[in-house]
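Source: prediction; values computed, not measured.
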Amino acid sequence: MKRQDMLHVWLEERLVGTLWRGQGERLIGFEYAPSWLDTGHAISSSLPLEQKAWLPEQQTAHRWFGNLLPEEQARTALLKRLAIPDDDFALLEAIGACRVTGGPLPGSAGSAIPSSSAR
């Protein structure tokens with residue numbers, strides 16, 4: 001699997017923002033897309049809708065997106081099956097085409113879908 005340094009976050013057909021790897025490659029940053037800032041809503045109270053980059057070293061975005069991922073035995077089994085390293089960004093990249101939220105984003109009818117492909 002080709003390693004990505006950026007992933008797009010989608011809600012249905014709308015670009016919500018971009019995730020990226022930090023310098024140490026273990027932490028994740030996030031920034032809302034300009035079009036989402038104009039017409040979207042905050043995906044979390046910890047990531048308010050504003051023109052700002054949540055830097056990887058702040059860990060705010062990393063904690064929120066990492067919390068969407070499987071834990072413990074389910075995570076271990078998935079990592080083994082996909083043959084990827086145990087890091088949240090790699091896991092988001094690998095299952096990016098899958099629904100990764102347990103339900104819709106607040107105030108929406110759909111789900112957040114991180115995707116490594118541009119739409």
Find out whether [X] and [Y] are in side-chain contact, i.e. whether some heavy atom of one side chain is under 4.5 Å from a heavy atom of the other.
X     : Y     : result
Ile28 : Arg21 : no
Arg75 : Leu69 : yes
Phe30 : Leu7  : no
Val9  : Thr18 : no
Asp5  : Phe89 : no

Atom pairs and distances, donor-acceptor, side-chain atoms in residues 76-83, under 3.5 Å, two or more places apart:
residue	atom	partner	partner atom	Å
Thr76	OG1	Glu72	O	3.1

Measure across Trp36 and Val16 and return the closest heavy-atom pair with its distance rounded to 0.1 Å.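 Heavy-atom minimum between the residues: CB-O, 3.5 Å.
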Any idea which heavy atoms bring Pro56 and Gly29 closest together, and the distance?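 Closest approach of Pro56 to Gly29: CG-N, 3.6 Å.
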Taking a hydrophobic cluster as the set of Ile, Leu, Val, Met, Phe, Trp and Tyr residues connected by side-chain heavy atoms closer than 4.5 Å, whether directly or through intermediates, do Ile95 and Leu68 fall within one such cluster?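 Same hydrophobic cluster.
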Counterpart residues, side chain to side chain donor-acceptor pair (under 3.5 Å), relative to Asn67 (two or more places apart):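 In terms of side chain to side chain donor-acceptor pair (under 3.5 Å), with neighbours along the sequence ignored, Asn67 is linked to no residue.
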Tell me every residue that passes side chain to side chain donor-acceptor pair (under 3.5 Å) with Ser45, counting only those two or more places apart in sequence or in another chain.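 Ser45: no side chain to side chain donor-acceptor pair (under 3.5 Å) contacts found.
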What pairs of residues pass the side chain to side chain donor-acceptor pair (under 3.5 Å) test when at least one of them lies in residues 46-57, not counting sequence neighbours?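 Pairs touching residues 46-57 that pass the test: Ser44-Ser46.
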Any side chain to side chain donor-acceptor pair (under 3.5 Å) pairs touching residues 26-35, not counting sequence neighbours?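 Qualifying pairs, neighbours excluded: none.
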Considering residues at least two apart in sequence or located in another chain, which fulfil the salt bridge (charged side-chain N to carboxylate O under 4.0 Å, His left out) criterion with Arg63?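 Testing Arg63 for salt bridge (charged side-chain N to carboxylate O under 4.0 Å, His left out), a comparison that skips the adjacent residues, returns none.
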Results of side-chain contact (heavy atoms from CB on, under 4.5 Å) for Leu15 - residues two or more places apart only: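 Leu15 satisfies side-chain contact (heavy atoms from CB on, under 4.5 Å) with His8, Trp10, Ala33 once adjacent residues are dropped.
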How long is the span from the CG atom in Leu49 to the CD1 atom in Ile43, to the nearest 0.5 Å?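 The CG atom of Leu49 sits 9.5 Å away from the CD1 atom of Ile43.
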How far does CZ of Phe65 sit from OG1 of Thr60, to the nearest 0.5 angstrom?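 That separation rounds to 11.5 Å.
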